[in-house]
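Chain letters run A, B, ... following the sequence lines, proteins first and then strands; every chain starts at 1.
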2 protein chains.
Amino acid sequence: MIGLDKKVGYSVATGFAQAELIAALAAVTANEPRVMTVRAGKALPSGPFESSHRSLQAGLRDWVESQTGHPVGFLEQLYTFADGDRDPGAGTGMRRISISYLGLVREQAAPGAGQPEWHGWYEYFPWEDRRDGADDRAGGLDQIAASLSAWAGSDPHLSAERRQRVDFTFGLNGMNWNEDLVLQRYELMYEAALIPEAGGSPGFGQPMQGDHRRILATGIARLRAKIKYRPVAFEIMPASFTLLQLQRTVEALVGLNLHKSNFRRQIDQQELIEETGETTAETRGRPAMLFRYRPSVLEARQMAGTRLPISRT
Amino acid sequence: MIGLDKKVGYSVATGFAQAELIAALAAVTANEPRVMTVRAGKALPSGPFESSHRSLQAGLRDWVESQTGHPVGFLEQLYTFADGDRDPGAGTGMRRISISYLGLVREQAAPGAGQPEWHGWYEYFPWEDRRDGADDRAGGLDQIAASLSAWAGSDPHLSAERRQRVDFTFGLNGMNWNEDLVLQRYELMYEAALIPEAGGSPGFGQPMQGDHRRILATGIARLRAKIKYRPVAFEIMPASFTLLQLQRTVEALVGLNLHKSNFRRQIDQQELIEETGETTAETRGRPAMLFRYRPSVLEARQMAGTRLPISRT
DNA sequence: TTGACATAAACTCACTATGAGCATAATCCT
DNA sequence: AGGATTATGCTCATAGTGAGTTTATGTCAA
């Protein structure tokens, strides 16, 4: 694969591949995270990488902004796939390389002819929404747990190991639910053939074309992990907002209910936001103060993080 | 770039590219992190991605193991580049896509004919080693600070902003050094033309071919960030080790001195390791207990992490 | 043999962050 | 006016972290 001393002798096609970009673009509307889709919600927007662009990132950004009509606040490369095993339409001998991205946009485009549609991302992963409001629709955790238990039991040799893995990944039998394990959960269900894309029976979430649901899972996982130590939630919020709106947005993304006063404390001791001085009376109760981000602090916090016992002596 | 409704009409070459894999393989020997290189330390091992392999990861793993003679404990995709701006030998019209990986190996291969060489990674980034022992060689922080200060002053319009960025990124003027910002520091120096690869003058670290030093910086940054919340250090350690050996290894990777007793406390309250029962007298002082990892816990800790104010009521 | 030295391992203490819940304030609705 | 509703502030116990000190157990050199 990698030749240290092969300086010559490649066949013509060697090392050449078809390059494709796939974007998972997320927005939050009405406390519901949504993802931009094509083909009636069955695929993420994608297309060939063309050589006219300076870089992957720059080209993708231009394209997204022209499509959505809104600037992309956050755009991050997710993963590059070339797995033949999961890619059905190969055959040509030339590999397809898919470079996937996660992007956050502030608002979704107005629906119009030929416009991409936005779908709630929990349609694809109903089990990932553990907020109180989330009606535990068909395909809830209980059913998944039952199916996975059956799968674990189906191989007497591996069943103990499998059960442990299931419990940990899905927060069962006394384990805590870990909202970051979106991809691990999807992969586990895939392995247990609960996913139509893997030849399993439908029932657990809407399927997508090819690998797209896996890419979306990767994006959700990345976003949920990142939101804890980088102020990415602001990329999705409007210019001014109340603390509850911010909390609801974060809750939508992580799929969990947060503790109100502790959330507020965390936000303001990080000094990420400041009052605008105005209030809003959108809700029934006491009017809430409006806040805005403090871009300077934001930029610094953009890169932070450490928890090592450093010696300063 | 991405065509939603362009179903036909691509030119033949559209979307095709030359795919290349680049690996940053790290090991720690004698408390010094090293990276596998080719071409007399001027390049990371790389080669074309061939279609015979099932997946990127699997192929790279096979290759690395055959080259180093040791299993790769940890292998993670870093980033995929297709930036034309930094790639000198383009010209063909077909883009080159570089998919880079970070790998950790336990020991370095015995030196032999045709064997790849290992170089200390601080040869390429002397300023990243902030341990006490690190003799502040030529090209130390003071010189970099001076050069960057000159660069900041060279544009009266941007100088304030630049100075702030420099201070934050390099931990100057009262700011703390953040060991994770390896890539940001390199990019900043690149922008300030302190890097030969950018047409700057030599002096700050050994240069490498093309983008390779940037890839290495990305790998170091990723590893430093990851070591805080995932037990990756064990992937580099031998089967049994003392706590000080473990600490020295982590220190080598993060380029900082750690607080001894706090480090030990963190390790054992995470329950990642257990005593083997034996002791070693490698050092002059009191013999140290030997430890080994606890694979079961290790696997669970492999995916952890959260710090959100979750509501459990 | 003895003391100087070096390292390991355990323990202390102040301070900060976090989880949980309660109290008070300012609106709207009827 | 009074209840409902939401916002914001405050308390308190507990866990985690930074920074040291103390005690144990070995080697090495005089």
Margin query: Please compare A:Asn262 and B:Glu275 by the position of their nearest nucleotide in DNA chain C and report the one closer to 5'.
Written below: B:Glu275
Next item on the list: Send over the distance from B:Asp268 CG to C:dA10 C1', rounded to a whole Å.
Entry: 10 Å
Item checked: Set of side chain to side chain donor-acceptor pair (under 3.5 Å) partners for B:Thr242, sequence neighbours left out -> none
Next item on the list: Starting at atom NE2 of B:His259, determine the distance to atom P of D:dG16, rounded to an integer number of angstrom.
Entry: 18 Å
Checklist line | Option among B:Arg222, B:Arg224, B:Lys228 that satisfies the side chain to side chain donor-acceptor pair (under 3.5 Å) test with B:Asp180 | finding: B:Lys228
Notebook entry, point to check: Rounded to whole angstrom units, what separation is found between the CZ atom of B:Arg286 and the C1' atom of C:dA10?
Noted result: 9 Å
Check: Between B:Lys260 (NZ) and C:dT7 (P), how many Å, whole number?
Finding: 7 Å
Next item on the list: For A:Arg185 and A:Glu179, work out which heavy atoms get closest and say how close.
Entry: NH2-O, 3.4 Å
Margin query: From the set D:dT17, D:dG9, D:dT21, return the single nucleotide nearest to any side-chain atom of B:Ser261.
Written below: D:dT21
Next item on the list: Specify the separation, in whole Å, of atom CD of A:Gln245 and atom C1' of D:dT6.
Entry: 13 Å
Check: Just how far, in rounded Å, is P of D:dG18 from CG of B:Leu256?
Finding: 12 Å
Note to self: Under a 3.5 Å distance rule, please check whether B:Arg130 uses its side chain to pair with a backbone N or O of B:Asn257 as donor and acceptor.
What the structure shows: no
Check: Taking atom P of C:dA6 as reference, at what distance in whole Å does atom CG of B:Leu244 sit?
Finding: 14 Å
Item checked: Distance below 4.0 Å between B:Gln269 side-chain N/O and D:dA15 OP1 or OP2 -> no
Next item on the list: Specify the separation, in whole Å, of atom CD1 of B:Ile267 and atom P of D:dG16.
Entry: 15 Å
Item checked: Residue whose nearest DNA chain D nucleotide is more 5′ - B:Arg284 or B:Arg265 -> B:Arg265
